[in-house]
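Predicted, not measured: the structure shown is a model, and the values here were computed from it. What you see below is based on every heavy atom in this structure, not just the backbone, and it leaves out hydrogens, waters and symmetry mates.
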Amino acid sequence: PRPTMVSEEEGRQTETRSRESSIRKKSIRRRSRGSANKSSLSNRSVLDSVATASTSSITAATTEINLPDVYRYAQDHSWDMVASESDGFDFVHPNEGITVLHLAVKSITGYDRTILNQQMKPEPKPMPMPTLELIEFILNKCPSSARIPCTTNTYTPLAYACLVVDDNTDLLMLEALIRLILRFCPDATKLSTSGGLSPLDIHIVSFSQLKND
């Protein structure tokens, strides 16, 4: 009879639709899992990148400059210890452009004393100064350091030696210091600052300003 045939056909169609629906659901679940996995991988990748960048920043921030002993002694004005060293005199501070010779010359001229007097109240205790013999010792170890300009104001050691910082400056000592540096590096007089000042210019200007004040 016809009703039976219709029922069988409808049953087959219903079964087909059911299978298709099941297949679609499985496909959707697979795609969802795949998207979730990709999202998870993407998130992990970003987090790994952030962690790596943070680690690199921390490493860079905490990395200290490896200063040779002689440089540390000069920073501390431990001149007897400087005289006991045999190497490290060619070291140039990567940020400041300063050498052991710069530090020694600035100590003799009173440059460090003047800076500290401006920053500290009451005035700090007098710091020990290197001797001319020690300056000669440093120059013997590394004569090329007389040509190096520092980063701050592009002063060479000779430029610092020509600087008259205050009324306490020993001009005779400066003269002896200048002659000593020129003995090892005669062409240092030709090395000007980035502003075009020669060592002689620095001496004249600083001395004139001191007298005018």
Side-chain angles (χ1 to χ4, degrees), residues 48-121 123-163 165-166 174 177-178 180-182 184-185 187-199 202 206:
D48 288 344
S49 298
V50 171
T52 301
S54 298
T55 302
S56 300
S57 298
I58 292 171
T59 301
T62 55
T63 300
E64 295 183 358
I65 298 171
N66 187 22
L67 301 176
D69 289 341
V70 67
Y71 192 92
R72 294 182 186 278
Y73 293 145
Q75 283 184 316
D76 295 338
H77 298 87
S78 300
W79 303 116
D80 289 342
M81 296 301 295
V82 170
S84 69
E85 291 296 308
S86 58
D87 53 24
F89 292 90
D90 58 346
F91 174 80
V92 181
H93 196 288
N95 298 334
E96 301 172 3
I98 295 290
T99 66
V100 173
L101 182 59
H102 282 88
L103 294 172
V105 169
K106 288 199 295 180
S107 180
I108 284 183
T109 61
Y111 181 88
D112 292 338
R113 179 188 67 246
T114 303
I115 297 299
L116 285 175
N117 287 348
Q118 293 172 353
Q119 296 175 348
M120 298 178 64
K121 300 296 181 184
E123 292 186 1
K125 295 180 180 179
M127 294 179 292
M129 291 197 317
T131 62
L132 289 176
E133 288 75 18
L134 181 62
I135 298 295
E136 184 174 9
F137 173 77
I138 295 171
L139 283 165
N140 268 312
K141 289 292 185 181
C142 187
S144 62
S145 61
R147 299 180 54 84
I148 297 173
C150 68
T151 304
T152 307
N153 48 21
T154 62
Y155 276 27
T156 62
L158 179 62
Y160 277 114
C162 290
L163 189 62
V165 296
D166 56 29
L174 286 193
L177 178 60
I178 290 167
L180 183 56
I181 294 173
L182 291 178
F184 284 85
C185 187
D187 63 343
T189 56
K190 302 175 184 177
L191 303 176
S192 300
T193 67
S194 58
L197 293 176
S198 69
I202 291 170
S206 62

Passes side chain to side chain contact (heavy atoms under 4.5 Å, CB included), Asp187 versus Cys185? Steps please.
CA-CA 6 Å; Asp187 63 343; Cys185 187; 3.2 Å; yes

I'd like to check the side-chain hydrogen bond (donor to acceptor under 3.5 Å, both in side chains) partners of Thr99; sequence neighbours left out, ordered by chain and number.
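Only His102 meet the side-chain hydrogen bond (donor to acceptor under 3.5 Å, both in side chains) criterion with Thr99.
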
Looking at every heavy atom in both [X] and [Y], which two are closest together, and how far apart are they?
X: Ser145; Y: Leu101; answer: OG-CD2, 3.4 Å
X: Ile65; Y: Arg72; answer: O-NH2, 4.1 Å
X: Thr189; Y: Leu158; answer: N-CD2, 3.8 Å
X: Ala74; Y: Val82; answer: N-CG2, 3.6 Å
X: Phe137; Y: Glu85; answer: CZ-O, 3.5 Å
X: Ile138; Y: Ala104; answer: CD1-CB, 3.8 Å

Between the side chain of [X] and the main-chain N/O of [Y], is any donor-acceptor distance below 3.5 Å?
X: Ser84; Y: Met81; answer: yes
X: Trp79; Y: Pro128; answer: yes
X: Thr154; Y: Pro149; answer: no

Show, in sequence, the C-alpha distance, side-chain angles and deciding distance for Lys141 and Val100, and conclude whether the side chain to side chain contact (heavy atoms under 4.5 Å, CB included) test is met.
CA-CA 10 Å; Lys141 289 292 185 181; Val100 173; over 6 Å; no

If you define the side chain from C-beta out and look only at heavy atoms, does anything of [X] sit under 4.5 Å from [Y]?
X: Thr109; Y: Leu174; result: yes
X: Leu67; Y: Gln75; result: yes
X: Lys190; Y: Ser198; result: no

Could you measure the distance from the CD1 atom of Ile108 to the CD1 atom of Ile135? Nearest 0.5 Å is fine.
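These two atoms lie 4.0 Å from each other.
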
Say you draw a straight line from CG of Asp90 to OH of Tyr71; how long is it, rounded to the nearest 0.5 Å?
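The OH atom of Tyr71 is 13.0 Å from CG of Asp90, to the nearest 0.5 Å.
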
Using the rule side chain to side chain contact (heavy atoms under 4.5 Å, CB included), only one of Asp166, Val165, Leu163 pairs with Ser206; which is it?
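Of Asp166, Val165, Leu163, side chain to side chain contact (heavy atoms under 4.5 Å, CB included) with Ser206 is met by Leu163 alone.
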
Side chains of Tyr160 and Asn153: any donor to acceptor distance under 3.5 Å?
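Yes, Tyr160 and Asn153 have a side-chain donor paired with an acceptor closer than 3.5 Å.
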
Just wondering, are more than 12 heavy atoms of other shown residues or ligands nearer than 6.0 Å to CG in Asn95?
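Counting neighbours around CG of Asn95, more than 12 heavy atoms of other residues, nucleotides or ligands fall under 6.0 Å, so yes.
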
Does Asn66, at its CG atom, have more than 12 non-hydrogen atoms belonging to other residues, nucleotides or ligands within less than 6.0 Å?
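Not buried by this count: 12 neighbours or fewer within 6.0 Å.
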
